Amino acid sequence: MLKIEVDGRPVEVPQGATVMDATNKLGVYVPHFCYHRKLSIAANCRMCLVEVEKAPKPLPACATPVIDGMKVWTQSPAAKKAQNGVMEFLLINHPLDCPICDQGGECQLQDLAVGYGPSNSRYTEEKRVVLRKELGPLVAAEEMSRCIQCTRCVRFGQEIAGKMELGLAGRGEKAEIVSFVDQMLESELSGNMIDLCPVGALTSGPFRYTARTWELSRRKSVSPHDGLGSNLVVQVKQSRVMRVLPLDNDAINECWLSDKDRFSYEGLNAPGRLKQPMMKRDTRWEPVDWEVALEFAVAGLQKQDFGVLASPHSTLEELYLAGKLGAADFRLRHADFSADGRREGIPWLGMPIAALGTLERVLVIGSFLRKDHPLIAHRLRQAAKRGAQVHMLHSVDDDWAMPIASKRIVPPSKIPDSIASFAEALKGGKNAAVLLGNFAQQHPLAAQIHAEAQALGVTLGFLGEAANSVGGYLAGLPAGGNVNSILARKALVLLGCEPELDFADPRSATRAVNEAEFVVQLNAFETGLEYADVLLPIAPFTETAGTFVNTEGRVQSFHAAVNPLGESRPGWKVLRVLGTMLGRPGTGYDSIDEVRADCLRGRDVASLLSNRTQVEPSPVSFDPPGIQRIADVPIYFADPLVRRSAALRKTPDARPPSAWMNARLMARLGVSAGQPLLVEGAARLPAALDDRLPDECVRIAAGHPSTAQLGPMFGTVSLKKVAVERAA
């Protein structure tokens with residue numbers, strides 16, 4: 001350890017630490033713009049100049065390494081003069097638009113100008129003007145004249161997102177931040193650039209000019225989307241969610257958010273929110289009060305044995321009460337339930353989330369990693385940058401924006417048989433793991449993939465696909481059946497899900513709900529009008545209290561940020577009343593705390609987590625003749641809330657699906673890129689070229705209305721060239 005003195009106070013720091021590290025350890029604030037604890041050092045703003053003993057001039061604290069016995073002064077006359085001089089230069093060209101700037105009230109430049117800036121400027125020359133940049137629907141770059149060239153956004157793209165999408169072009173006063181040939185930002189983490197920008201150059205497109213920061217109330221919450229359980233700050237104005245920001249938690253999401261977590265809030269007030277109970281009379285939908293709707297629902301459910309199908313994005317309390325109603329399951333996109341009763345515990349990540357960054361060797365099987373788990377991809381990217389070997393086994397060769405040590409791209413049917421080939425690559429790693437992604441968990445031979453991965457003899461982990469993929473098991477689901485057996489029942493309760501978009505086989509699921517004699521839909525949106533008999537409006541995560549159990553088994557509870565919209569009610573309350581009216585024992589709870597306590601009573605969550613399976617590896621294979629479908633679930637269509645966000649629907653990741661295939665399959669079918677294909681006789685999609693796909697495979701996204709009638713996510717599909725009519 002090195003000993004250093006800062007403003008007369010001694011402190012010890014490790015070898016290689018900077019003066020900024022020492023001041024941070026002491027809690028001494030040094031003004032800065034370009035420095036960020038998660039980014040590399042640029043030292044280009046010069047705002048953090050400090051006086052160092054025996055140095056001929058002030059030095060930047062962020063870039064000055066500590067020397068044993070060093071003495072530093074952060075507020076001496078020399079340091080203050082240097083800092084004041086830098087601030088004066090920064091303000092020479094900065095526009096005087098604080099009253100209308102979205103960053104007003106939370107602007108780093110504004111704050112530091114008060115303490116370090118002059119009362120008036122000595123410069124009378126015209127200020128420079130930098131034109132706006134078009135970066136897409138999420139990040140607005142309308143006032144780039146505000147930019148102070150701190151390059152945080154540039155370094156974020158290179159170091160965190162894994163793709164350099166912005167750069168600094170020009171020199172001197174001609175320098176400006178630009179994208180490559182006017183390209184849009186396509187990273188699934190791009191919204192973090194808004195937080196990083198210390199001025200108002202990059203702002204939130206959806207939030208822009210909708211509220212001022214001092215008008216907003218702040219509520220802590222947890223993301224309902226992927227299995228990470230990112231910590232959120234939900235900002236509210238007049239009982240309406242206006243913005244979502246990250247809440248720092250180095251154990252989970254650090255200081256970052258995926259764009260899905262950040263911008264999905266737009267779906268909360270999207271057209272189609274279900275604001276009051278509705279009941280179908282003959283073929284007409286009529287609004288009714290809660291008492292009538294609940295009595296009608298109970299009367300219909302009492303006539304036959306029913307089952308409950310719940311979204312894995314539901315809260316722990318909702319899933320627990322769903323299981324008390326009857327047979328229930330939450331694994332909607334899973335196709336293989338043969339491992340039920342043969343697992344030793346609840347599938348989970350197999351390690352703390354933070355430990356992902358310490359892995360030396362890791363094999364990721366069947367994962368659209370960047371889109372399914374953006375911040376887990378970030379953790380593995382940082383591990384790869386430190387020298388970890390990342391291996392990939394998948395049916396697509398997507399760019400993970402990280403070095404890949406080895407990869408095998410095979411048809412879906414070949415994934416189970418290909419796992420053993422990675423044994424040598426993982427051997428010898430002191431800290432090695434194999435991670436099963438969404439695609440692997442949804443595979444028709446998921447149990448076999450699990451067994452083969454376990455046989456590799458290293459740490460095994462499941463990348464949880466939804467907020468409560470672990471919590472669903474903890475709540476006691478599946479109870480009394482699985483998704484397939486429940487769909488065969490004559491009456492159904494649907495909790496927060498849409499059969500045409502959220503199931504492994506949307507065509508069969510849609511047929512089942514249409515053929516059911518009675519269907520109760522509990523949802524925040526008007527959905528299921530074709531097959532449901534009664535719609536009960538339940539509150540989304542911002543309007544209810546609840547608990548999510550993330551992929552590492554961490555139990556995270558949260559409170560409502562705003563009041564329920566209209567006549568909506570928290571889902572746990574609706575399920576509790578249904579249980580009581582149906583005469584189900586153990587449903588008479590008075591508060592959500594009682595529900596949670598009952599669910600977790602006497603149970604140590606950590607002791608319940610285990611990825612061990614009794615399924616033995618076997619040569620059983622799934623090898624259908626014909627063209628195999630590879631079905632991803634696009635990042636912004638993964639759940640009902642995110643697919644209703646207007647801003648996210650404008651991004652490249654929300655484009656309508658195409659039928660992607662390699663050139664050999666295109667030639668065999670006699671089509672070229674852009675030509676229409678009839679898929680399964682049900683969907684007309686344009687052909688698209690991706691030579692990285694395996695032979696005799698076509699990649700067609702699921703979870704989208706245009707592909708809802710194509711049947712299972714796995715298996716074979718028929719492709720037929722559509723004759724293009726020529727204009728006369």
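Note that the coordinates shown come from a computational prediction; the quantities given were computed from them, not determined experimentally. By convention here, the first residue in the shown sequence is residue 1.
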What's the shortest heavy-atom distance between [X] and [Y], and which atoms?
X: Ala251; Y: Ile353; value: O-CB, 3.7 Å
X: Gly229; Y: Val222; value: O-CG1, 3.7 Å
X: Met184; Y: Glu165; value: O-OE2, 4.0 Å
X: Phe33; Y: Arg152; value: O-NE, 2.6 Å
X: Ser258; Y: Leu375; value: N-CD1, 4.1 Å
X: Arg155; Y: Leu39; value: NH1-CB, 3.9 Å

Ser557/Thr547 under side chain to side chain donor-acceptor pair (under 3.5 Å): CA gap, chis, key distance, verdict: CA-CA 4 Å; Ser557 297; Thr547 302; 2.8 Å; yes
Criterion side chain to side chain contact (heavy atoms under 4.5 Å, CB included) on Val6 and Thr74, from CA distance to verdict: CA-CA 7 Å; Val6 178; Thr74 66; 4.0 Å; yes
Are [X] and [Y] packed together at the side-chain level, in the sense that at least one heavy-atom pair is separated by less than 4.5 angstrom?
X: Asp7; Y: Val72; value: no
X: Ser645; Y: Arg643; value: no
X: Asn269; Y: Arg240; value: yes
X: Arg381; Y: Leu369; value: no
X: Val364; Y: Val362; value: yes
X: Ser190; Y: Glu188; value: no
X: Thr213; Y: Arg243; value: yes
X: Lys220; Y: Leu247; value: yes

Any donor-acceptor N/O pair, [X] side chain to [Y] backbone, under 3.5 Å:
X: Asn550; Y: Leu228; result: yes
X: Thr542; Y: Ala561; result: no
X: Asp97; Y: Ile100; result: no
X: Asp111; Y: Gln108; result: no
X: Thr551; Y: Gly464; result: yes
X: Asp261; Y: Leu257; result: no
X: Asp21; Y: Thr18; result: yes
X: Thr151; Y: Val154; result: no
X: Lys71; Y: Val52; result: no
X: His313; Y: Pro224; result: yes

Derivation and outcome, salt bridge (charged side-chain N to carboxylate O under 4.0 Å, His left out), residues Asp398 and Arg370: CA-CA 9 Å; Asp398 287 347; Arg370 281 179 53 192; over 6 Å; no
Lys650 atom NZ, neighbour heavy-atom count above 12 within 6.0 Å: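 Atom NZ in Lys650 is not packed in, count stays at 12 or less.
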Heavy atoms from other residues, nucleotides or ligands near CD1 of Ile67 exceed 12 (cutoff 6.0 Å):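 No, the 6.0 Å shell around CD1 holds no more than 12 heavy atoms from other groups.
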Quick one: pull up [atom1] in [X] and [atom2] in [Y] and give me the separation to the nearest 0.5 Å.
X: Lys260; Y: Thr651; atom1: NZ; atom2: OG1; value: 12.0 Å
X: Gln149; Y: Leu90; atom1: CD; atom2: CG; value: 9.0 Å
X: Gln158; Y: Cys153; atom1: CD; atom2: SG; value: 10.0 Å
X: Gln110; Y: Cys98; atom1: CD; atom2: SG; value: 4.5 Å
X: Phe156; Y: His36; atom1: CZ; atom2: NE2; value: 9.5 Å
X: His94; Y: Cys101; atom1: NE2; atom2: SG; value: 6.5 Å

Donor-acceptor pair between Asn468 and Thr315 side chains, under 3.5 angstrom: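 Not at all, the side chains of Asn468 and Thr315 share no donor-acceptor pair under 3.5 Å.
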No-hydrogen, no-angle side-chain donor-acceptor test under 3.5 Å, Glu125 and Asn93: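 No, no side-chain donor-acceptor pair sits under 3.5 Å.
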Full working for side chain to side chain contact (heavy atoms under 4.5 Å, CB included) between Ile177 and Met144: CA-CA 8 Å; Ile177 299 293; Met144 292 304 288; 3.8 Å; yes
Taking [X] first and then [Y], would you say they form a salt bridge - that is, a charged N and a carboxylate O separated by under 4.0 Å?
X: Glu176; Y: Lys174; result: no
X: Lys57; Y: Glu51; result: no
X: Arg122; Y: Glu88; result: yes
X: Glu360; Y: Lys430; result: no

Phe368 ring center within less than 6.0 Å of Trp400 ring center: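 Trp400 vs Phe368: aromatic centres not under 6.0 Å.
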Sub-6.0 Å ring centroid separation between Phe548 and Phe558: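 Close enough - the centres of the two rings lie under 6.0 Å apart.
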May I ask you to decide if the ring planes of [X] and [Y] are parallel, tilted or perpendicular, using 30° and 60° as cut-offs?
X: Tyr123; Y: Phe89; answer: tilted
X: Tyr29; Y: His32; answer: tilted
X: His225; Y: Phe541; answer: perpendicular

Worked verdict on Arg37 versus Asn24 for side chain to side chain donor-acceptor pair (under 3.5 Å): CA-CA 10 Å; Arg37 65 187 180 92; Asn24 288 341; over 6 Å; no
Test side chain to side chain contact (heavy atoms under 4.5 Å, CB included) applied to Glu53 and Glu5, step by step: CA-CA 10 Å; Glu53 186 182 41; Glu5 190 177 286; over 6 Å; no
Residue pair Leu49, Val86: steps toward the side chain to side chain contact (heavy atoms under 4.5 Å, CB included) verdict: CA-CA 9 Å; Leu49 292 174; Val86 171; 3.9 Å; yes
Non-neighbouring partners of His373 that pass side chain to side chain donor-acceptor pair (under 3.5 Å), sequence neighbours left out: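 Only Asn438 meet the side chain to side chain donor-acceptor pair (under 3.5 Å) criterion with His373.
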Chi angles and distances behind the salt bridge (charged side-chain N to carboxylate O under 4.0 Å, His left out) call for Arg146, Asp102: CA-CA 12 Å; Arg146 300 171 182 163; Asp102 254 10; over 6 Å; no
Enumerate donor-acceptor pairs with a distance under 3.5 Å from any side-chain N or O in residues 196-211 to protein atoms, sequence neighbours excluded.
unit_1 : atom_1 : unit_2 : atom_2 : d
Ser204 : OG     : Phe207 : N      : 3.3
Arg208 : NH1    : Glu143 : OE1    : 3.3
Arg208 : NH2    : Glu143 : OE2    : 2.8
Thr210 : OG1    : Phe207 : O      : 2.5

